[in-house]
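By convention in this document, chain letters (A, B, ...) are assigned in the order of the sequence lines, proteins followed by strands, and residues within each chain are numbered from 1. Quantities reported herein were computed from a predicted structural model and do not represent experimental measurements.
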Number of protein chains: 2
Amino acid sequence: MKITNRLSWKYVRDEIHHEILSGRYGPGDRLPRDADIANQLNCARSTVQRAMQDLSDIGLVERRRKGGTRVHPEPVTRATLDIPITRHEVEKKGGRYGYQLIMQEEMSAPRTVLAAFELTSPVSMLRIEALHLSDNRPYMLEDRWVCLDTVPEIRDVDLKIQSANEWLVLNRPYSRCDLRFYAISADQKMSEMLGAKIGDALLLIERSTWIDGAPITTVKTITTPGYQLLTSS
Amino acid sequence: MKITNRLSWKYVRDEIHHEILSGRYGPGDRLPRDADIANQLNCARSTVQRAMQDLSDIGLVERRRKGGTRVHPEPVTRATLDIPITRHEVEKKGGRYGYQLIMQEEMSAPRTVLAAFELTSPVSMLRIEALHLSDNRPYMLEDRWVCLDTVPEIRDVDLKIQSANEWLVLNRPYSRCDLRFYAISADQKMSEMLGAKIGDALLLIERSTWIDGAPITTVKTITTPGYQLLTSS
DNA sequence: AACGGTAATATGTAGCTACTTAAAATGTCA
DNA sequence: TGACATTTTAAGTAGCTACATATTACCGTT
């Protein structure tokens, strides 16, 4: 039986985490240099580096070259959300997935859409409206704009068969993704589409993606009443 | 001038990312071993390891010891959310922060609360209702339960002065945090508290935290009409 | 005191070696 | 054939060195 007296970087991380939460270091305080911590804990600097990287990832500390490491002045609760392809989401919940293309049209993007992309000059886009179904019942309403300059191939995709949602996720990488969540009351049209009552509170997920600064798509996902979005773990 | 022909791990990451998206490797496919990729790209295995770690973090690939690396069979859009302390959120938006404790009472947790913690036996908890204000106008309604077994010190905190939100984030680390987002219609009480109309669609954020399996707190954060939650970057 | 260039420094990255560990693959025996 | 033990494999971790890079800190000049 071998006692593992090697320190895992997670142990180092938790050690520092604990020191911060014990009040030894408060928000904004500067922590010792990696090398000193390594010395103190009798491990390699690379181990401390990994630990610190992780603490930085979860938002507990801020690191800057030469500036050193300091406790994040405004602690946050950081969470990770996984938004699956809608078909997978439905199937995972045990439903039979269905999909209806409502409309598809090339047109110049209105100002609200340009705003979502932080653009000012008019751009030609493909507007798509589609309904995702679970066991033949409405599940999600998708209101999407795809930038034709960035993704001309979308013209060749048969969106009656494959949803733009799925095609884009599988074929278009993005370098930036902005998400926005809010609640709205169902209007006449939404309530008809989603089988909800007018005035029902609906969760709306707005997502915009870019590749190297070029807009790809922006989509409003309108969920059915009672829909809940959960963090991954 | 020195040409940096060293490969940064980000370059390696993007290279692999590109290979996946080009269709060379599809969902579920197994990628070459780290060592082989390192050989092929003429870099160290540790560099590939770092690149792969990152791809695994963003959910593009799955890695298992001995099993190797494979493209995630169900690609997801992974996003990071930062939920700040409410006071900081208000102040960042330029508002003057205010806070009102509505009620505070020790009692046995009802079943709905126990369920949020995946508990079955009754537990004594502190129930807190509080209102966060921005420029003297309602901003957020907080409906919280704190587990007194896990956090007995909360009894000594003057919650009329400091919000439980802030005290907990600053003083209680957690090892698990579940978040849940959904929309509700404002009822009589909420509309009065938040200055909304009855039936207004409100975004609700539910958060439960644990430390090493022991429940800390669960809170329902009811936002004012029009509130939007955004991803960090 | 303001400005600007230079040196100092803490973190970031890369490469190498060695060892650990989870789990898949294989072999053995009933 | 099926259950179980063993081997092998590929990722994970740790330690070391060397160098890169972004800032801060310092100092001299005007």
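With distances taken from any side-chain atom of Ala44(B) to the nucleotides dT13(D), dC16(C), dT13(C), the minimum falls on dC16(C). Side-chain proximity of Arg45(B) to dA10(D), dT13(C), dA18(C): nearest is dA18(C). The side chain of Lys66(A) approaches dA10(C) more closely than any other nucleotide in the set dT11(C), dA22(C), dA10(C). Picking from dT13(C), dA10(C), dG15(C) the nucleotide with the shortest atom distance to the side chain of Arg33(A) gives dA10(C).
At distances below 3.5 Å, at least one donor-acceptor pair connects side-chain atoms of Ser163(B) with backbone N or O atoms of Glu166(B).
Aromatic ring orientation, His132(B) versus Tyr97(B): tilted (interplanar angle from 30° to 60°).
A sub-4.0 Å separation between OP1 or OP2 of dT13(D) and a side-chain N or O of Thr47(A) is absent. Residue Thr69(A) places at least one side-chain N or O under 4.0 Å from the OP1 or OP2 atom of dT11(C).
One interatomic measurement links the two molecules: CZ of Arg50(A) to P of dT13(C), which rounds to 13 Å at whole-angstrom precision. Nucleotide dC16(C) holds its P atom 19 Å from the CH2 atom of Trp9(B), rounded to whole Å. The NZ-C1' distance, from Lys10(B) to dG12(C), rounds to 9 Å in whole Å. Between the P atom of dA11(D) and the CG atom of Leu55(B) lies a distance of 13 Å, rounded to the nearest Å. Atom CG of Asp54(B) and atom P of dT13(C) are 10 Å apart (whole Å). The separation between Tyr11(A) atom OH and dT20(C) atom C1' is 19 Å, rounded to whole Å. Here the C1' atom of nucleotide dA24(C) and the CZ atom of Arg63(B) are 16 Å apart, to the nearest Å. Across the protein-nucleic acid pair, Asp34(B) atom CG and dT20(C) atom P stand 20 Å apart, rounded to whole Å.
Across all strands shown, Gln49(A) has heavy atoms under 4.0 Å from base atoms, whether or not it also approaches the sugar-phosphate. Contacts of Arg30(A) with the nucleic acid, taken as non-hydrogen atoms under 4.0 Å apart, involve only primed sugar atoms and P, OP1 or OP2.
Salt bridge absent: Glu62(B) and Arg70(B) never bring a charged side-chain N and a carboxylate O closer than 4.0 Å. Arg176(A) and Asp178(A) are joined by a salt bridge, as a carboxylate oxygen and a charged side-chain nitrogen come within less than 4.0 angstrom of each other. Taking 4.0 Å as the cut-off between side-chain N and carboxylate O, Glu153(B) and Arg172(B) count as a salt-bridged pair.
Across the interface with DNA chain C, nearest-nucleotide mapping of Ser46(A) and Arg64(A) shows Arg64(A) to be the residue nearer the 5′ end.
A donor-acceptor contact under 3.5 Å is not formed by the side chain of Arg65(A) with the base of dT23(D).
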